[in-house]
Amino acid sequence: MIVTIDGVAASGKSSVASGVARALNIPYLSSGLLYRAATWAALSQRLPLTDAAPLLSLLNRWEADGTPLTLRPLPQGNEIWVGEQNVTDLLHTTEVDAHVSAAAQLPELRAWVDAQLHRISPPFVAEGRDMGTAVFPQAQAKFYLEASARVRAQRRVQERPQDLESVEAALRLRDERDARQSAPAPDAVHIDTGSGTLEQIIAQVLSHLPAPPTE
Ligand SMILES: Nc1ncnc2c1ncn2[C@@H]1O[C@H](COP(=O)(O)OP(=O)(O)OP(=O)(O)O)[C@@H](O)[C@H]1O
Ligand SMILES: Nc1ccn([C@H]2C[C@H](O)[C@@H](COP(=O)(O)O)O2)c(=O)n1
């Protein structure tokens, strides 16, 4: 089974996907973490984010050298490793937040991310922006998470060293920049995560899933 959870920035995709995956005892995949990792790689090597070629050549070189950038969908959460180095803690910074939308516009990088995800065998819950539309259109259940920019900023401000107004402005800007690849799938169930606690939203998603076959 494939379940997709798409939605706007900080709408709760990772938290909800993680809870749903735990309830189903299957992994979840964070596609946004791969975009963040590629952005971090470009920034750390001072590569431009206006041209995919140098970034793709870096990612391919790391793979050829035996230190590939890989997503590890572990039960305790998704991690990104470059060879034997765990770089996950470097990916949710204000700097990566500010540049990731530019990287995500590069069609060659989108193809690279999609290829990483397609290497993984179902079942899983996949979260991001285009999981239910472009990457796993065949998914058995699709969800689209929304919440007002103010609600999202109030949650995010607890995770970033910034004030509420600038966090909200940055989220609105990222929504605009990500709009192209963030259209909901026509068959997705829309959920406003501002309407309940995290546990209630997870239960709401689970209530829409097909019952497992009986023996
Ligand atoms: N009802 C709720 N539903 C979802 N998330 C909630 C809820 N209440 C609080 N949160 C919190 O909102 C914060 C943002 O959630 P999360 O990081 O999962 O969002 P995201 O959409 O994956 O973000 P990003 O797009 O930046 O990766 C987390 O701290 C999460 O615990
Ligand atoms: N399927 C995806 C997932 C993510 N992105 C882009 C857009 C976001 O700004 C960025 C970081 O994702 P987040 O951590 O906010 O989930 O990556 C995308 O274009 N497509």
Side-chain angles (χ1 to χ4, degrees), residues 1-9 11 13-22 24-42 49 51-83 85-88 91 96 100-145 178-189 205 209-210:
M1 176 166 73
I2 299 178
V3 176
T4 60
I5 300 185
D6 290 306
V8 289
S11 54
K13 300 180 301 295
S14 306
S15 312
V16 175
S18 164
V20 170
R22 214 173 312 120
L24 298 175
N25 201 22
I26 61 177
Y28 84 95
L29 313 180
S30 170
S31 57
L33 208 53
L34 280 165
Y35 285 102
R36 287 176 177 278
T39 304
W40 162 81
L49 285 169
D51 177 10
L55 176 55
L56 265 294
S57 121
L58 173 72
L59 295 171
N60 291 333
R61 194 167 67 245
W62 279 351
E63 172 128 29
D65 289 349
T67 56
L69 191 162
T70 42
L71 176 72
R72 295 191 188 178
L74 303 171
Q76 69 269 25
N78 279 214
E79 293 180 357
I80 296 281
W81 288 68
V82 178
Q85 193 193 356
N86 181 351
V87 300
T88 317
L91 307 180
V96 172
V100 64
S101 297
Q105 300 307 317
L106 301 169
E108 298 89 339
L109 181 62
R110 299 200 73 78
W112 180 86
V113 167
D114 295 355
Q116 308 309 304
L117 296 169
H118 284 143
R119 283 178 179 180
I120 301 168
S121 303
F124 50 69
V125 179
E127 62 94 351
R129 298 297 188 292
D130 58 350
M131 297 297 98
T133 50
V135 186
F136 301 113
Q138 78 280 25
Q140 284 79 2
K142 302 180 185 180
F143 298 89
Y144 191 82
L145 303 189
D178 292 336
R180 196 192 307 172
Q181 69 269 17
S182 302
D187 47 348
V189 175
V205 169
L209 297 183

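Numbering starts at 1 and runs along the sequence shown.
- Between Leu29 and Val125, the closest side-chain pair of non-hydrogen atoms is not below 4.5 Å.
- The minimum heavy-atom distance linking Pro73 with Asn78 is given by the pair CA-ND2, 3.8 Å.
- In terms of modelled atom types and a separation under 3.5 Å, the side chain of Gln140 and the main chain of Ile2 share a donor-acceptor contact.
- Residues Gln105 and Arg110 have side chains not in contact (no heavy-atom distance under 4.5 Å, counting atoms from C-beta outward).
- Aromatic ring orientation, Trp62 versus Trp40: tilted (interplanar angle from 30° to 60°).
- Side-chain contact between Leu117 and Ser31 is present, with at least one heavy-atom pair separated by less than 4.5 Å.
- Asp6 places a side-chain N or O within donor-acceptor distance of the main-chain N or O of Met131, the cut-off being under 3.5 Å.
- The nearest pair of heavy atoms linking Lys13 to Gly128 is CD-O, 3.2 Å.
- A donor-acceptor contact shorter than 3.5 Å links the side chain of Arg36 to the backbone of Leu91.
- Side chains of Leu69 and Leu34 form a contact here, defined as non-hydrogen atoms less than 4.5 Å apart.
- Residue Thr88 holds its OG1 atom at 6.0 Å from CG of Leu33, rounded to the nearest 0.5 Å.
- The minimum heavy-atom distance between Phe143 and Ala141, with the atom names listed, is CE1-CB, 3.9 Å.
- Of the possible polar contacts, one joining the Lys142 side chain to the Gly132 backbone as a donor-acceptor pair under 3.5 Å is found.
- Contact between Ala37 and Ile80 at its shortest, heavy atoms only, is CB-CG2, 3.7 Å.
- In plain terms, the two heavy atoms of Tyr28 and Gly77 that are nearest each other are OH-CA, 4.0 Å.
- With Asp178 contributing its side chain and Ser101 its backbone, the two residues share no donor-acceptor pair below 3.5 Å.
- Considering CG of Asp130 and CD of Gln181, their distance stands at 6.5 Å, rounded to 0.5 Å.
- Legend: salt bridge (charged side-chain N to carboxylate O under 4.0 Å, His left out) pairs involving residues 62-75, not counting sequence neighbours, sorted by first then second residue: Glu63-Arg119.
- Inter-residue side-chain proximity for Leu209 and Leu24 is flagged as met; some heavy-atom pair is nearer than 4.5 Å.
- Remark: Gln76 CD to Ser18 OG distance equals 10.0 Å, nearest 0.5 Å.
- Contact annotation: the side chain of Val113 approaches that of Tyr35 to within less than 4.5 Å [non-hydrogen atoms, C-beta and beyond].
- Distance check: Trp81 CH2 to Thr70 OG1 gives 9.0 Å after rounding to the nearest 0.5 Å.
- Atom CG of residue Leu55 and atom OG1 of residue Thr39 lie 7.5 Å apart, to the nearest 0.5 angstrom.
- Looking only at distances, a side-chain donor or acceptor of Tyr144 sits under 3.5 Å from a matching main-chain atom of Ser182.
- Proximity of Leu59 to Leu109: side-chain heavy atoms (C-beta onward) are separated by under 4.5 Å at one or more points.
- A distance of 9.5 Å separates OG1 in Thr4 from CD in Gln138, rounded to the nearest 0.5 Å.
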